[in-house]
Amino acid sequence: MSSDSSALHSSAVINEAVQTLRDGGLVAFPTETVYGLGADAKNPEAIKQIFTAKGRPSNHPLIVHLAAPNKFDQAQVDWVPVLAPWVRDLSEDALKLINAFWPGPLTLVFKKDKSVLNELTGGQDTVAIRAPAHPIAQELLRKFKGGVVAPSANRFGKVSPTSASDVRSEFEGMLDLMILDGGDCEVGIESTIIDLSSGDHPVLLRPGLITPGEIFAKTGIKVYLPGENTSTQQHGDLPRVSGSLRAHYAPTTPLRMYAPGRVLDALSEFPDIKSRVAVAVWDSDSSLGHDGHPSVHFEEVIVPSNSTAFASRLYRSLRDLDQQGWDLILFPEPPAGEEWDGVRDRLQRACFGSGPSSSSHANS
Ligand code: TXA
Ligand code: MG
């Protein structure tokens, strides 16, 4: 049943995955951001299985993934008929964003069509939609001819998977899951989410590779940050985003960030001695330049000082380090600048939720 690796692009494997979705089963598949755990967006029982498999609270809404029907023109698609069954109204801004960034790592939140299942929206009257750029995701969606809900294919609160084997280890022993193997995810952190449902201003719900600055440059649309001064104040109304919990994307090993040159300060937070510490260091710095600590063994791990490259490897590094039995993992604080916002956001939540008792935070 679980078929992966070798037959990367075999259409027989994709056909089997399509059949699994039609039969109400779950299929994990690659996207350019992270791997998703997919189910038929029109099948309430299949959607319930996703929440059970992830251990995710049922009021946390899912993203519907769509592809245009024609294989050859994903970049020049008329998205209006594709979206019509899902979305109540498509504003001019929405179409501009879609034409500029789809397929790609941008999720948009709309007022939902009444046919969209409550099971997937967490009972809200909005729906999040994205058209992934990964060719395997597109082929799966095109052949399935419908919407596929897909949260990141990890257990709730844990690090999102960026390879097929990451997905396998998340659900090992609990779920006989079909996993399509598309290699390592290029973007490496989840899609940018923009809320268009208020009809007022677009609001950034989750930072990602696509930044408000890039959106403004390509479309002239200004994206507001949550709580940023808009004419109608509606903070209380912002849709729920599980990625917005303070603790998320978390490893089991304690993780902290250190300010430039302040590795030892980060250690002082821990009353019990940490004897084996992995310290991530920018590739642009020749070395840590600290004086060491008599009872601590530090090991340096080089991380890219380019934000896109850093994001691409962030979850891979966190997973690998988490497997290596360190007492503590230290990452450098990302520099200021919106190109680092997605990474900073994920690292902060990962720090907050990290450690053996992370699940108690993650559910709070
Ligand atoms: O890159 C991604 O977006 C990946 C890949 C697999 O597509 N998916 C992903 O799904 O990150 P998930 O479920 O792990 O995160 C989706 C986020 C959640 O935090 C959820 O609360 C939010 O999107 N979301 C879904 N529907 C929403 C809605 N109607 N309003 C506001 N937020 C919504
Ligand atoms: Mg997730």
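The basis for the numbers below is simple: all heavy atoms, side chains too, and nothing from hydrogens, waters or symmetry mates. Remember, it's 1-based here, ligands and their atoms both numbered in the order they're listed.
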With a 3.5 Å distance limit and no angle check, can you tell me whether [X] reaches the backbone of [Y] through a side-chain donor-acceptor pair?
X	Y	value
Glu338	Gly213	yes
Glu228	Leu225	yes
Lys112	Asp125	no

Handout entry: Polar proximity ligand 1 side, His65 side, N/O cut 3.5 Å exclusive
Key = yes

Handout entry: Test of proximity, Arg206 against ligand 1: N or O pairs below 3.5 Å
Key = yes

Just to be sure I'm reading this right: ignoring hydrogens, which of [options] gets closest to [atom]? Compare them by their nearest heavy atoms.
atom	options	result
atom 18 (C) of ligand 1	Lys112, Arg130, Arg56	Arg56
atom 16 (C) of ligand 1	Val127, Ile63, Leu205	Ile63
atom 6 (C) of ligand 1	Gly36, Ala28, Gly38, Ala153	Gly36

Exercise for the section: Determine whether any heavy atom of Ala150 lies closer than 4.0 Å to an atom of ligand 1. Expected result: yes

Handout entry: 4.0 Å heavy-atom contact, His60 with ligand 1
Key = no

Exercise for the section: Can you sort out the partners of Trp340 under ring pair (Phe, Tyr, Trp, His ring centres under 6.0 Å), two or more places apart, ordered by chain and number? Expected result: Trp282, Phe310

Handout entry: Selection residues 93-109 - residue pairs positive for salt bridge (charged side-chain N to carboxylate O under 4.0 Å, His left out), sequence neighbours left out
Key = none

Exercise for the section: Indicate, with yes or no, if the rings of Phe156 and His60 have centres closer together than 6.0 Å. Expected result: yes

Handout entry: For ligand 1, the portion of Asp195 having any non-hydrogen atom under 4.0 Å away
Key = neither

Exercise for the section: Quick one: look at Pro151 and ligand 1, take heavy-atom pairs under 4.0 Å, and tell me if it's side chain, backbone, both or neither. Expected result: both

